[in-house]
Number of protein chains: 10
Amino acid sequence: MLFHVRMDVLLPVDMPQDVANDIKAREKAYFQQLQREGKWRHIWRVVGEYSNFSIFDVAGNTELHDLLSSLPLFPYMRIAVTPLCRHPSSLHEDDR
Amino acid sequence: MLFHVRMDVLLPVDMPQDVANDIKAREKAYFQQLQREGKWRHIWRVVGEYSNFSIFDVAGNTELHDLLSSLPLFPYMRIAVTPLCRHPSSLHEDDR
Amino acid sequence: MLFHVRMDVLLPVDMPQDVANDIKAREKAYFQQLQREGKWRHIWRVVGEYSNFSIFDVAGNTELHDLLSSLPLFPYMRIAVTPLCRHPSSLHEDDR
Amino acid sequence: MLFHVRMDVLLPVDMPQDVANDIKAREKAYFQQLQREGKWRHIWRVVGEYSNFSIFDVAGNTELHDLLSSLPLFPYMRIAVTPLCRHPSSLHEDDR
Amino acid sequence: MLFHVRMDVLLPVDMPQDVANDIKAREKAYFQQLQREGKWRHIWRVVGEYSNFSIFDVAGNTELHDLLSSLPLFPYMRIAVTPLCRHPSSLHEDDR
Amino acid sequence: MLFHVRMDVLLPVDMPQDVANDIKAREKAYFQQLQREGKWRHIWRVVGEYSNFSIFDVAGNTELHDLLSSLPLFPYMRIAVTPLCRHPSSLHEDDR
Amino acid sequence: MLFHVRMDVLLPVDMPQDVANDIKAREKAYFQQLQREGKWRHIWRVVGEYSNFSIFDVAGNTELHDLLSSLPLFPYMRIAVTPLCRHPSSLHEDDR
Amino acid sequence: MLFHVRMDVLLPVDMPQDVANDIKAREKAYFQQLQREGKWRHIWRVVGEYSNFSIFDVAGNTELHDLLSSLPLFPYMRIAVTPLCRHPSSLHEDDR
Amino acid sequence: MLFHVRMDVLLPVDMPQDVANDIKAREKAYFQQLQREGKWRHIWRVVGEYSNFSIFDVAGNTELHDLLSSLPLFPYMRIAVTPLCRHPSSLHEDDR
Amino acid sequence: MLFHVRMDVLLPVDMPQDVANDIKAREKAYFQQLQREGKWRHIWRVVGEYSNFSIFDVAGNTELHDLLSSLPLFPYMRIAVTPLCRHPSSLHEDDR
């Protein structure tokens, strides 16, 4: 099941660099694991912002919430989730 | 080059059915041609709305504007374009 | 799977009464069928508005979109969908 | 009498963990008591956010304000209340 | 039980004068009946707008919705309802 | 002359309790004096928020600004003022 | 007593030219009368919009509402009123 | 003197094609005259919208308003004007 | 050349009183100098807010920016500038 | 390829002056280098705000993101990017 997610990262400007680096390193590890598992299907940077648009492919609402709220950056992000479905005129078999 | 596009279709509720059908048929034909050419790379329906999120893969800003403004539904849509770029931690070689 | 849906009905003020009545009668029949099937699990009127908050219990995003876009009032509604999940501290076994 | 309530929790990111845990433990105890009393009739998590949609069933406006402003998380929440009423076409006798 | 209601009247600018007058006459009659019954407790015009702030004193949410949706101007108004309760420091016994 | 005022109190969550209590005690004393003088004619709590809707009856704009900016909570409030006038169809002689 | 008023004129694009001209001629006559009486103290055009910022100097809220709602363009305007008072550091005796 | 102007064109979808064409032809002629005179210094299309960002270089506010309100498309546009000034670190002598 | 300026002062609530007083004293001196020079032509307090509406009469955009950004309160204000021009039906010769 | 960028600088009011000066000095150096390279093609100050409108001329989305996220002020700015294209009626050969 597909979901569109916009994430805006709002790290406090006075967060010590090593604390920020540690959070980002754990975020990256977890994020790449979810990519390998096929759950975090797409991610793109928004030009000029510390934000991304992502597509998740998960079993349902609960799995998505569990994934998102486990992100190390979760307490520092504004997140907006939009449920998606396949477009009837899409030619791409795998347009998930 | 990748762009995120949200399209909201706002057809007048009193548009005659055959006029609407004609516009939609031409839209579908053009839309599938752009899919085949690899320019309209992804499209997903927004659940509960007459709207979609799409990803375009084009040579640049001008090509994107030409494609969008040639859509038969263009006069009836609200369109929002966001330029994207590859995320540095993405594992997908083809995450275009 | 649960979804929170807000629907705002925006019938044109100059729609002939019999046209409006026909749409509403078909809406009511379909709506009650979905209630009987357990898919439209809750509905409440918003006080002072021609709007409702509803809870849908469906197999997934696609089923929800199919149900909503089949509503006779769909072309006249503004709809906002929010995916839900069970709250970890809820005591109600059936708080679906 | 039914009310729709959206709660967004906005804990300061630098709140000490034990202070946060204490507030959350007291919140949970009070919240479950209100569930048992039938006043906090439904609660659902909003996917991807530290937020919930709830349905309260109380004697009136004053009781609702007293319940909400007594929540241990009250000083850290943005709350929006919408009064509800039964939908005339609802088939559920107990759609409170 | 008290409710704060803001009403914005949005009559179409091309509504025939006699139709508008008929609606307004019926609105006034109903409005004054509700005042006499003590249910429409206060009303004030917003300076420079075709709008009012009102205070209703009713048995509950359902009665308020029934009153508002029966207003002859209801199809032409944007209405926002806010539930109120007595302020603990108010000195006015009857500050309903 | 009547004015509608919405006040939202935004005390910092880390304000020491005794400082907050002192401000609130002075606010209450001043507020009750203005009630006794007939200037703060109505006040109602907004359910679920640390906010109120009030009606002031003052000689004019300047007096209202002087009263509001003298409130001990003034530096911690967001205030919105709307000038009112009597509604022509009001039956209440004293609907001030 | 001073009030800041923003007016945005929203004439329907299909209004016949002579109807528009008649409304504007009556508006101008009434507007200049109010200027002569000292009640419409200032008016400035907003560059690039069919809008103005104005300062009214009237006896109070009711007079202002009567003036504004009598404007021939009133049914075609969005109006926002803000009550003003003299600034304590102003050097202009007549900064009304 | 420089001004940033955003123009959104909102032609009614049911405007006859020849009427639209006539307006656009006159708009283009006037627009190119202003370019030649150096007053409409820059114009760029917003990708995916019937909108532009422009830079005007005029003697002052009044000249700008006269130019904009003389545009044949003026009654069909939403226009937002922002006054600009030279940036102190700009290296371009002619960054007007 | 005339400009409409709205200023909202947002002093941090924990700024030491003597620091605030010093800034305000310098603001007042500079503000009164600009009044004497005829550049800060009007100022009015917004009732109930720490805000003002002002009219500046300056040589152009650059002078206005220089004046505003030199205000001692500038780092603590949200400022919105709107260019104005004379209204064609104004009777006041000096309605600058 | 052209992009319109609005930047709003939001330096914390309590940032030490020398820290702010260091950031601004590095920002200026980098900014002037980008001007010399022809990538930061235009910049204008927004009157009354610590903001600018800029036009970038870059190879594509990725280069723009790299430039913007390398700005020393990047962590302290709100940035909005809009892709542009040449207007078909523009007479300026170089209206990039």
Side-chain angles (χ1 to χ4, degrees), chain D residues 1-10 27 30-31 33-35 37-44 51-96, chain E residues 1-10 27 30-31 33-35 37-44 51-96:
Chain D
M1 204 167 300
L2 297 175
F3 294 88
H4 178 278
V5 180
R6 178 178 173 127
M7 304 182 194
D8 298 291
V9 184
L10 306 160
E27 178 84 6
Y30 183 44
F31 157 51
Q33 170 193 330
L34 292 174
Q35 281 187 83
E37 295 172 6
K39 297 184 175 183
W40 197 323
R41 200 176 158 88
H42 297 289
I43 183 169
W44 301 283
S51 303
N52 68 73
F53 283 120
S54 292
I55 305 291
F56 282 80
D57 188 353
V58 292
N61 295 347
T62 302
E63 185 181 12
L64 181 59
H65 186 73
D66 291 347
L67 296 187
L68 293 173
S69 59
S70 302
L71 292 171
L73 279 171
F74 182 73
Y76 307 100
M77 293 203 284
R78 193 192 319 126
I79 291 182
V81 174
T82 312
L84 301 175
C85 57
R86 187 176 166 77
H87 193 283
S89 309
S90 175
L91 295 181
H92 300 306
E93 281 306 313
D94 66 338
D95 206 348
R96 290 175 303 174
Chain E
M1 204 167 300
L2 296 175
F3 293 88
H4 178 278
V5 181
R6 179 177 172 128
M7 305 180 193
D8 296 292
V9 184
L10 306 161
E27 176 86 6
Y30 184 46
F31 157 51
Q33 170 194 329
L34 292 174
Q35 281 187 82
E37 295 172 6
K39 296 182 176 183
W40 197 322
R41 201 175 158 89
H42 297 289
I43 184 169
W44 302 281
S51 302
N52 68 72
F53 284 120
S54 292
I55 305 292
F56 282 80
D57 188 354
V58 291
N61 294 347
T62 303
E63 184 180 14
L64 181 60
H65 186 72
D66 291 346
L67 295 186
L68 292 173
S69 59
S70 302
L71 291 172
L73 278 171
F74 181 73
Y76 307 101
M77 292 203 286
R78 194 192 319 125
I79 290 182
V81 173
T82 311
L84 301 176
C85 58
R86 188 175 165 79
H87 194 285
S89 309
S90 176
L91 296 181
H92 300 305
E93 282 304 314
D94 67 338
D95 206 347
R96 290 176 303 174

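Within every chain, numbering begins at 1; the chains are lettered A, B, ... in the order of the sequence lines, protein sequences first and strands thereafter. No hydrogens, no waters, no symmetry mates; every other heavy atom, side chains included, goes into these values.
Separating the NE2 atom in His65(E) from the CZ atom in Arg86(D) is a distance of 13.5 Å, to the nearest 0.5 Å.
In terms of modelled atom types and a separation under 3.5 Å, the side chain of Asn61(E) and the main chain of Cys85(D) share no donor-acceptor contact.
At a threshold of 4.5 Å between non-hydrogen side-chain atoms, the residues Val81(E) and Pro83(D) count as touching.
Contacts of Leu64(E) with chain D are absent, with no heavy-atom separation under 4.5 Å from either backbone or side chain.
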